[in-house]
Amino acid sequence: MQKKRELKFVKNGFGLKRYNLMYNDFIIVGPKENPAKINLTDDPITSFTKIFTTSSIFISRGDDSGTHFKEISIWDKAKLKPIKFSGKWYRETGSGMGTTLNLASGMGAYTLSDRASWINFNNKNNLRIIAEKNKTLFNQYGITMVNPSSCPNVKFKNANKFISWLLSKRGQKIIENFKLKGKQLFFPNAS
């Protein structure tokens, strides 16, 4: 979903070219009590359906981020419209991942997170990974040079050097070696 938006950004003349940079994955986290009775082997659509049918509290970023768009795409694939329950069991934060995870932790709720944010998150309390390792949860990161014709303030030479460095073998190796709490956060796949 995010890649389509980035390619549209380029097609509409706001970016020059989009490159794959690195990836990780999304996970669904929720309370240890697991009121929706989600199994670790459940796919994301089944997981979201169980949350929906049990009216279990779900915290959405609700912020038009890549994570939010991934969440919406899963609800759409499940043919469910949780927005009808906004403010009830479906709650939108309009905030970043840290705030969303804190609210999920405090409310004993489910949420969708990228794995890197989850690894970095220290307030897990009773939250745990509920669903993971499914192709639907793939999280591709891209990088796009802003078109200087659309935004004349772009420092084109510096931005181009930075993008070239990130896509280089050295930049990709640094991404690969970046770890937090002993865990690799991103997997390089420049193209």
Side-chain angles (χ1 to χ4, degrees), residues 1-3 6 19-48 50-51 56-75 91-144 162-191:
M1 180 65 105
Q2 188 66 23
K3 184 175 178 179
E6 292 165 355
Y19 300 91
N20 282 341
L21 178 62
M22 60 191 177
Y23 68 92
N24 65 7
D25 63 342
F26 291 104
I27 54 174
I28 300 169
V29 299
K32 289 178 184 170
E33 298 80 26
N34 195 11
K37 305 291 185 248
I38 297 168
N39 300 309
L40 194 56
T41 56
D42 285 343
D43 63 67
I45 295 166
T46 302
S47 300
F48 274 36
K50 288 180 175 182
I51 292 166
S56 296
I57 298 173
F58 186 91
I59 308 296
S60 171
R61 282 183 60 166
D63 65 350
D64 289 339
S65 64
T67 303
H68 182 226
F69 278 99
K70 176 58 82 169
E71 175 211 322
I72 290 168
S73 76
I74 296 170
W75 289 119
R91 301 175 186 174
E92 299 163 283
T93 68
S95 299
M97 202 67 251
T99 299
T100 301
L101 283 166
N102 270 318
L103 285 167
S105 178
M107 299 170 109
Y110 295 95
T111 195
L112 180 73
S113 175
D114 65 286
R115 191 175 297 271
S117 293
W118 175 252
I119 290 168
N120 189 42
F121 184 61
N122 292 319
N123 186 27
K124 292 181 173 78
N125 288 331
N126 75 333
L127 288 182
R128 67 180 177 90
I129 295 175
I130 299 291
E132 64 178 341
K133 297 180 181 170
N134 181 285
K135 65 180 180 179
T136 301
L137 298 173
F138 180 75
N139 185 20
Q140 177 68 56
Y141 290 82
I143 190 163
T144 304
F162 181 62
I163 289 173
S164 295
W165 179 79
L166 284 172
L167 299 174
S168 73
K169 286 183 182 181
R170 183 168 179 242
Q172 291 284 283
K173 193 68 177 167
I174 289 171
I175 290 169
E176 180 179 14
N177 291 333
F178 182 68
K179 294 187 171 140
L180 186 63
K181 299 177 184 175
K183 296 181 180 177
Q184 185 174 347
L185 301 184
F186 303 100
F187 299 86
N189 68 341
S191 63

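In this text the structure is predicted, and so the values were computed from the model without any measurement. Only this structure's heavy atoms are used, side chains among them; waters, hydrogens and symmetry mates stay out. Numbering starts at 1 and runs along the sequence shown.
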Any donor-acceptor pair under 3.5 Å linking the side-chain atoms of [Y] with those of [X]?
X: Gln140; Y: Asn189; answer: yes
X: Glu71; Y: Ser60; answer: yes
X: Asn134; Y: Thr136; answer: yes
X: Asp42; Y: Ser47; answer: no
X: Thr93; Y: Thr100; answer: yes

Can you confirm whether Phe187 is buried at CZ, in the sense that more than 12 heavy atoms of other residues, nucleotides or ligands lie under 6.0 Å from that atom? yes
Does Trp118 have Lys124 sitting over its ring (NZ/CZ under 6.0 Å from centre, angle to axis within 45°)? yes
List for me each residue that meets side chain to side chain donor-acceptor pair (under 3.5 Å) alongside Thr46, sequence neighbours excluded, and say none if there are none. Asp43
Do Phe186 and Tyr141 have ring centroids that are under 6.0 Å from one another? yes
Taking the six-membered ring for Trp, are Trp75 and Phe48 parallel (under 30°), tilted (30 to 60°) or perpendicular (over 60°)? tilted
Residue pair Lys173, Glu176: steps toward the salt bridge (Lys or Arg N to Asp or Glu O under 4.0 Å) verdict: CA-CA 5 Å; Lys173 193 68 177 167; Glu176 180 179 14; 3.4 Å; yes
Passes side-chain hydrogen bond (donor to acceptor under 3.5 Å, both in side chains), Asn139 versus Asp114? Steps please. CA-CA 8 Å; Asn139 185 20; Asp114 65 286; 5.2 Å; no
